[in-house]
**Student:** 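For reference, the structure I am asking about is given below.
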Amino acid sequence: MDIVHIASELAPIAKVGGLGDVLYGLSKAQVKKGHRVRVFLPKYDILHVDKLSDLKVVIKKEIYTLWSAEMEGIELMLIEDHHSEKYFERGTIYGEEDDVDRFLFFCHSVCQILAEEAPDGIHLHDWPTAACTLLLQGKILFSIHNLEYQGRCKRENLEKFQFPYDESLLSDPLYDDTLNLMKGALNLAHAIVPVSPTYAKEILSSEFGFGLEGVLQQNREKIKGILNGIDTDYWNPETDPFLGYTYSLSKGLSGKRKNKLQLQKQLGFEQNEHRPLVCSITRLVAQKGPDLIEYGIQKVLELGGQFVLLGASEDSEMQMLFERVQEDPNVFICYEYDEPLSHRLYAGSDMLLMPSIFEPCGLSQMIALRYGSIPLVRSTGGLKDTVFEGKNGFCFTTPDNKEVANVLERAFSRFGTPEWDALIQAAMETDLGWEKSAEAYLDLLR
Ligand code: ADP
């Protein structure tokens, strides 16, 4: 099959969160199955082009240049903009005031390129690519990685780039005089794919629908939840180049213990393999339950553990939330996005705390499972589909301090017992690869 992905992220060259990982893992799985896979992506100034080979110009137009490149069998199609606003030269992927225009420009350019073609399937990902449904013909899948971000805009935004549109399909359900790109895609795509079966059900309710639950209910027959996987070659504790010591179930876990001791030393913690080391690796936004993480840190200290928070955030108010705990000698906090450190944390920690308010799929808990760090999660969305109480992790239902305290107490009481070893084994044996889900996507395209 000839498959086209259109996306705003692709790990490892342009990643903000799980979306980048999914594009990488799914595309690679489809390439492995013998399909032709192209990924259209903006040519951001921050793109790690050193990881690409064969970078060359395909077409040069007044308003954009299309570049092609190759990455592990995936054909990359990169849109460089020549717009006076320099949309992709902002030193960032998201977070600009004109994000809607930036991604409308991207969508419009890609659609012009694809106008002459008829690939077997076109796969769009989240609101930045939603506007492609207004121009493209053919079979279109639209994946919902996160319904919170919807691409709200004005008529003028679409008119600026000459998108044709039917206002009734795009009018925002919550705000007057506002269009909603995500809503348009939900109405126009042939299939809607939330990234886990549980999230597919949750978003039909007002608690998780962010105002689009009605639109989703109307399009119910097109919805099919497909669980994300992780790329088990990239996320592999047996070969991970970022680790001081590699390890696996078959060769033994002494490497994991050594990684923990090395991490404790690097972070200035007491080096003691008997003290539980807990981490959170996340974008620090309301969705991820930052106040519950902060409470979790206090509780871990009370229980005698150590805590590392790798929480990407440029928001000083968010950072202030952790003021109370950040000076503690048993706490280390980094507000950066740090890929190598994230690998060392998955490998060197005993537990990962993930108290999400909602979680479409969640990859951090899957990576933690693969590295034998036991996830403590709120059972919602994909967390509910991947972590099971007492089997490969610990779960709670209500996102409040009491339940966070309980889950930590339950986990700490098992730590260091034979039961804990069985948990690590089950965690590392959890089936997390893309094999099954890539097949489910291909079935939909067929
Ligand atoms: P989301 O997509 O909502 O951010 P996921 O759990 O699906 O959450 O995916 C998060 C991905 O981003 C994982 O690969 C995780 O390791 C990575 N990540 C999150 N925060 C950081 C950070 N501060 N530094 C490095 N990697 C991070």
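A quick note: this is a predicted structure, and the numbers were derived from the prediction, not measured. When a ligand or atom number is given, it counts from 1 through the structure's own listing order. FYI, the numbering just counts along the sequence from 1.
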**Student:** Answer yes or no: is there an ion pair linking Glu359 with Lys384, defined by an N-O contact shorter than 4.0 Å?
**Tutor:** no
**Student:** Is there a polar contact between ligand 1 and Gln287, counting only N or O atoms under 3.5 Å apart?
**Tutor:** no
**Student:** Just checking, is any N or O donor in the side chain of Glu72 or Tyr234 under 3.5 Å from an acceptor N or O on the other one?
**Tutor:** no
**Student:** Against heavy atoms of Tyr346, which atoms of ligand 1 measure under 4.0 Å?
**Tutor:** 15 (C), 16 (O)
**Student:** What is the closest protein heavy atom to atom 4 (O) of ligand 1, and at what distance does it sit?
**Tutor:** Arg283 NE, 2.7 Å
**Student:** Quick one: does ligand 1 sit under 4.0 Å from the side chain of Ile367, the backbone, both or neither, non-hydrogen atoms only?
**Tutor:** side chain
**Student:** Can you tell me which residue and heavy atom of the protein come closest to atom 10 (C) of ligand 1, and the distance to 0.1 Å?
**Tutor:** Gly18 N, 3.6 Å
**Student:** Which pair of heavy atoms, one from Thr397 and one from Arg378, lies closest together, and at what distance?
**Tutor:** O-NE, 2.6 Å
**Student:** Work out whether the distance between some heavy atom of Tyr335 and some atom of ligand 1 is less than 4.0 Å.
**Tutor:** no
**Student:** Which residue from His343, Lys15, Glu148 reaches closest to atom 17 (C) of ligand 1 through any of its heavy atoms?
**Tutor:** Lys15
**Student:** Please determine, by modelled atom types, if Lys256 and Asn259 share a side-chain donor-acceptor pair under 3.5 angstrom.
**Tutor:** no
**Student:** Applying ring-ring contact (aromatic ring centres under 6.0 Å, His included) to His123 and Tyr441, what does each step give before you reach the verdict?
**Tutor:** CA-CA 9 Å; His123 192 159; Tyr441 272 109; 4.9 Å; yes
**Student:** Under 6.0 Å between the ring centres of Trp127 and Tyr149?
**Tutor:** no
**Student:** At under 4.0 Å between heavy atoms, which part of Thr282 makes contact with ligand 1: side chain, backbone, both or neither?
**Tutor:** backbone
**Student:** Counting each atom of ligand 1 from 1 as listed, which ones have a heavy atom of Gly17 under 4.0 Å away?
**Tutor:** 2 (O), 4 (O), 11 (C), 12 (O)
**Student:** Pairs in or reaching into residues 208-220: which pass salt bridge (Lys or Arg N to Asp or Glu O under 4.0 Å), with residues at least two apart or in two chains?
**Tutor:** none
**Student:** What atoms in ligand 1 come closer than 4.0 Å to a heavy atom of Tyr337?
**Tutor:** 21 (C), 22 (C), 23 (N), 24 (N), 25 (C), 26 (N), 27 (C)
**Student:** Step by step, work out the salt bridge (charged side-chain N to carboxylate O under 4.0 Å, His left out) result for Asp350 and Arg257.
**Tutor:** CA-CA 9 Å; Asp350 300 300; Arg257 285 190 288 277; over 6 Å; no
**Student:** Is the backbone of Ile281 close enough, under 3.5 Å, to the side chain of Ser364 for a donor and an acceptor to pair up by distance?
**Tutor:** yes
**Student:** With heavy atoms of Ser364 as the reference, note each atom of ligand 1 found under 4.0 Å away.
**Tutor:** 6 (O), 10 (C), 13 (C), 15 (C)
**Student:** Between Lys288 and ligand 1, which residue portion shows a heavy-atom distance shorter than 4.0 Å: side chain, backbone, both, or neither?
**Tutor:** side chain
**Student:** Just which atoms of ligand 1 are under 4.0 Å from any heavy atom in Gly362?
**Tutor:** 6 (O), 7 (O)
**Student:** Examine the proximity of ligand 1 to Gln365 and report which part, side chain or backbone, both or neither, has a heavy atom under 4.0 Å away.
**Tutor:** neither
**Student:** Using distance alone, determine whether Leu363 and ligand 1 share an N or O pair under 3.5 Å.
**Tutor:** yes
**Student:** For the side chain of Lys15 and the backbone of Gly20, is there at least one donor-acceptor N/O pair under 3.5 Å apart?
**Tutor:** no
**Student:** Please say which of Lys86, Arg90, Glu97 ends up in a side-chain contact (heavy atoms from CB on, under 4.5 Å) with Arg102.
**Tutor:** Arg90
**Student:** Which of the atoms in ligand 1, numbered in the order shown and given with their element, are less than 4.0 Å from a heavy-atom of Ala312?
**Tutor:** 23 (N)
**Student:** Report yes or no: does Gln306 contribute a side-chain atom to a donor-acceptor pair with the main-chain N or O of Glu270 at less than 3.5 Å?
**Tutor:** yes
**Student:** What atoms in ligand 1 come closer than 4.0 Å to a heavy atom of Asp21?
**Tutor:** 11 (C), 13 (C), 14 (O)
**Student:** Under 4.0 Å from ligand 1, counting heavy atoms only, is it the side chain of Leu310, its backbone, both or neither?
**Tutor:** both
**Student:** Considering heavy atoms of the protein only, find what lies nearest to atom 24 (N) of ligand 1 and give residue, atom and distance to 0.1 Å.
**Tutor:** Asp338 N, 3.0 Å
**Student:** For ligand 1, is there an N or O atom under 3.5 Å from any N or O atom of Glu336?
**Tutor:** yes
**Student:** Which pairs, with at least one residue in residues 293-313 and sequence neighbours excluded, count as a ring pair (Phe, Tyr, Trp, His ring centres under 6.0 Å)?
**Tutor:** none
**Student:** Given that the side chain starts at C-beta and the backbone is N, CA, C, O, which of these parts of Met354 lies under 4.0 Å from ligand 1, counting heavy atoms, or is it both or neither?
**Tutor:** side chain
